[in-house]
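Have a look at the structure below before the remarks.
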4 protein chains.
Amino acid sequence: MKPAYSEKRLQLLDTAERLFSEKGFDGTSVRDIAEEAGINTAMISYYFGSKEKLMEAIFEERSLNVREKVDLLLKDDSLDPLQKMYRLLDEYVEKIMQRKKFHRILLCEQVINQNPIIIEMLAKIKSRNLSSINDVIRLGQKKGLFKKQVDVPMMMNTLIGTISHMLVNLDFYKAYHHLETLTDEEFEKTLKKKLSAHIKIIFKAILSHES
Amino acid sequence: MKPAYSEKRLQLLDTAERLFSEKGFDGTSVRDIAEEAGINTAMISYYFGSKEKLMEAIFEERSLNVREKVDLLLKDDSLDPLQKMYRLLDEYVEKIMQRKKFHRILLCEQVINQNPIIIEMLAKIKSRNLSSINDVIRLGQKKGLFKKQVDVPMMMNTLIGTISHMLVNLDFYKAYHHLETLTDEEFEKTLKKKLSAHIKIIFKAILSHES
Amino acid sequence: MKPAYSEKRLQLLDTAERLFSEKGFDGTSVRDIAEEAGINTAMISYYFGSKEKLMEAIFEERSLNVREKVDLLLKDDSLDPLQKMYRLLDEYVEKIMQRKKFHRILLCEQVINQNPIIIEMLAKIKSRNLSSINDVIRLGQKKGLFKKQVDVPMMMNTLIGTISHMLVNLDFYKAYHHLETLTDEEFEKTLKKKLSAHIKIIFKAILSHES
Amino acid sequence: MKPAYSEKRLQLLDTAERLFSEKGFDGTSVRDIAEEAGINTAMISYYFGSKEKLMEAIFEERSLNVREKVDLLLKDDSLDPLQKMYRLLDEYVEKIMQRKKFHRILLCEQVINQNPIIIEMLAKIKSRNLSSINDVIRLGQKKGLFKKQVDVPMMMNTLIGTISHMLVNLDFYKAYHHLETLTDEEFEKTLKKKLSAHIKIIFKAILSHES
DNA sequence: GATGAATGAGGGTTCATTCAT
DNA sequence: GATGAATGAACCCTCATTCAT
């Protein structure tokens, strides 16, 4: 359980992340992971201690933290509050799309809450990020640009829910808009642009006075 | 495998739905289900053929179909297109909140795509409901009240994503707004109202010209 | 884990007792037991719950209890205290020789104390039997035939130690006395006679005044 | 596998002896031993070749050999045969109590006969010591002080059986006689005295004519 | 029609050992 | 000479399912 950043450890993390995102935690066996990673089964216990702790390691290494981004935005005097919020939304879209597999796992694990350590980690992440966003919103409210009454967790539901749900509907969405001819990169770029624009409209409506 | 609507069968369906929603399909054993339902383990194979077919039965009996609702709305001349859309959104909120457990299962199963029969069922439901909603939107567009260019699947992502994500954040949301003192019914009623209002703002912004 | 006295259960108990006595608890795998019993591996969990509980079941079914024998002896007016004690010694020799395999297990398990349930069972059995024997000894002391100061646990050590140690030296003993030509039954009969006579000499010396 | 008497080797031997005596050979893993000895796991194979050979090394270093003691006794003209025998019994008590852990291992290993090399070693030790004791007994017989017919292996069973069995009942014995207040050394001294006296009574009865 | 007994496959984990350094 | 990394085998147990009744 010792070596922290060996190549095999990273390989196991990547393979596990992929398989968990495809078949779920309980639907993936350690033998599956080890075989696909081309590594001996016993190495999972060796590196991580157990299958559960492997999952925890994935969470530790992949979880999204927007605190730094928010701090940068708050300091940036060249942006008005709505623009700051837009940048933050882009950050969410970007980061979640960058870590599709992990966020698919996250989606399921929030439902199938079993591992108390992961429950704890999720709670912390959620609170932390919510609080960061609150800082941006309060700024807009102070400047009189945002509505006084904003249900921030509800707003976050829409933000995360929209992006996450897109993750499980990627193929459907691609087919609907006949985007199969695009390369993966092109599609991804297009999708991020669409998501970003879509969410900005939503947030502007939610945050602004005029409704 | 014969009896179609015996009491035991319904009991198994309910128990399985609950356990699948709490622990996932792979995390739930047929023993768990049978024990909690107070029924012999062999009965699951007996009534449904297999654990997988039990899952399929749950999907068959719980899937949301909005076609009828849409047909009624389209015929109702007393409502303008936006009102029709609002009614439809309320229908979604109402139905998903009514079937929380099933929609938690649905959330995971869309990620953990394993059973081809369920994949097929999901695809059909999605297309069917999308097409129904499209009918309402086209009506609004014809009357010049809705924007010409609406990304309907993206809009649906936000609708379903927002409601679904609320399902996995219920406790967090309740705690954040200090609603623990409410009874379950009161909280549910409050939540549906908030969800409904929130989503209407979003849809109005998305469908209207003014952005 | 339900059926209490099925044939397969008994077969598993017998096979496990034999293998545990030959290779020890940790040296015997559930596969070994199941294979030799001609029964599926899963049946051990099915009948007993676990390998440990199988061991506990063996202890429950095979443990020696001399209370009844002692009660009969105490009531029997035709025997003097030393004769009563002799009968009790014969009972020990007889019962332990009858259950050689179990007592070999017992021998090891007293050393390798791991399972708390078995530790508890052993403590109870030891106390119970010690107390029963004490009753016989007190009778002899009351009648002035036995020494006042007898270290009963020490005496029991010699009784159990002598018989138990013979169990692990059977082959050596047989070879030393050139008894290989005897049938198993003949050898066993001879051995029990020798053990019995030997132990009686010892106990007479320990209990009588004249030392 | 080279260094014969390095410090680490001795540390491994001691730790292994302790763990084998507490949890048995099969119940102790090489990891356990290495960890508790503060030494790398691979060292066990390195120093001893294998776990089995580590056990053999323990037997080689700890086995009791009374030949020398017997030779000294035979030469000592100041002692009569019974006194010589008493001295020999004290030697047994002393040596076995000195090496409690090893003799607990021995107790189990005689039952769980798996390693042929150890079986062989045990047979040799047993024969050697038996033959040594025989020398003392024959002397007593020649002088007409001991019975002609003595079942020496049976007598050894009682000797070894009594001491060994005390090893597994130490705590019980201490509690029974309320000796918990004694220090370890005091208790050990007391116990050896009691054992010694007890066994001498027994041997006198077995060896003398008067029964 | 309904069920307890039984099964073979596979689950996660730990084992003693060996290899490359 | 000494060690951390890695291995394949085996561990006990639980799985979904089927069979005999």
Side-chain angles (χ1 to χ4, degrees), chain A residues 1-4 6-9 12 25-34 38-55, chain B residues 1-3 6 8-9 25-34 39-55, chain C residues 1-4 6-9 12 25-34 38-55, chain D residues 1-3 6 8-9 25-34 39-55:
Chain A
M1 214 180 314
K2 283 58 150 297
S6 85
E7 199 192 342
K8 300 214 170 189
R9 204 191 103 104
L12 278 173
F25 179 77
D26 292 310
T28 305
S29 77
V30 294
R31 274 177 188 77
D32 291 341
I33 301 169
I39 287 170
N40 189 281
T41 311
M43 294 312 288
I44 287 174
S45 292
Y46 181 68
Y47 277 120
F48 301 98
S50 71
K51 188 189 177 191
E52 293 233 318
K53 284 184 188 151
L54 164 55
M55 181 66 131
Chain B
M1 217 179 311
K2 320 304 182 14
S6 83
K8 296 196 175 188
R9 207 190 100 103
F25 180 77
D26 292 309
T28 306
S29 74
V30 294
R31 241 178 230 78
D32 291 340
I33 302 169
I39 283 168
N40 189 283
T41 310
M43 296 305 291
I44 287 175
S45 294
Y46 182 69
Y47 275 122
F48 299 98
S50 73
K51 189 189 175 189
E52 295 234 316
K53 284 182 187 150
L54 163 57
M55 182 65 132
Chain C
M1 215 181 313
K2 282 54 151 300
S6 85
E7 200 191 342
K8 300 214 170 192
R9 205 191 103 104
L12 280 172
F25 179 77
D26 292 311
T28 305
S29 77
V30 295
R31 264 179 199 77
D32 292 340
I33 301 169
I39 286 169
N40 190 282
T41 310
M43 295 312 288
I44 286 174
S45 293
Y46 181 68
Y47 277 120
F48 301 98
S50 71
K51 189 191 176 189
E52 294 233 318
K53 284 183 188 152
L54 164 56
M55 181 64 132
Chain D
M1 216 180 312
K2 317 310 183 8
S6 83
K8 295 197 177 189
R9 207 190 101 102
F25 179 77
D26 292 309
T28 305
S29 75
V30 294
R31 240 177 230 80
D32 292 340
I33 301 169
I39 284 169
N40 189 282
T41 310
M43 295 305 292
I44 287 175
S45 294
Y46 181 68
Y47 275 122
F48 300 97
S50 72
K51 189 189 175 188
E52 296 233 317
K53 284 183 187 149
L54 165 55
M55 181 64 131

Any A:F48 side-chain heavy atom under 4.5 Å of A:M55 side chain: no
Just to confirm, is there a sub-4.0 Å distance from OP1 or OP2 of E:dG4 to any side-chain nitrogen or oxygen of C:K8? no
Length of the line joining [X]:[atom1] and [N]:[atom2], which is rounded to integer Å:
X: D:R9; N: F:dG1; atom1: CZ; atom2: P; answer: 15 Å
X: A:Y47; N: E:dT14; atom1: OH; atom2: P; answer: 17 Å
X: C:F48; N: E:dA5; atom1: CZ; atom2: C1'; answer: 14 Å
X: D:K53; N: E:dA16; atom1: NZ; atom2: P; answer: 16 Å

Residue list, side-chain hydrogen bond (donor to acceptor under 3.5 Å, both in side chains) with [X], at least two apart or on another chain:
X: C:D26; result: none
X: D:S50; result: none
X: B:N40; result: none

Apply side chain to side chain contact (heavy atoms under 4.5 Å, CB included) to B:T41 and list each qualifying residue two or more places apart in sequence or on a separate chain. B:V30, B:R31, B:A34
With Watson-Crick and G-U wobble geometry limited to distances under 3.5 Å, how should the secondary structure of DNA chain E be encoded in dot-bracket form, using | for bases paired to another strand and [ ] for crossing pairs? .||||||||||||||||||||
State whether the side chain of A:K53 and the backbone N or O of A:Y47 hold a donor-acceptor pair below 3.5 Å, judged by distance alone. no
Between C:K51 (side chain) and C:F25 (backbone), is there a donor-acceptor pair under 3.5 Å? yes
Atom CG of A:L12 and atom CD of A:E7: how far apart are they, to the nearest 0.5 Å? 11.0 Å
5' to 3', nucleotides 8-17 of chain F under a 4.0 Å protein heavy-atom cut-off (B base, S sugar-phosphate only, - none) gives B-BBBBBBBB
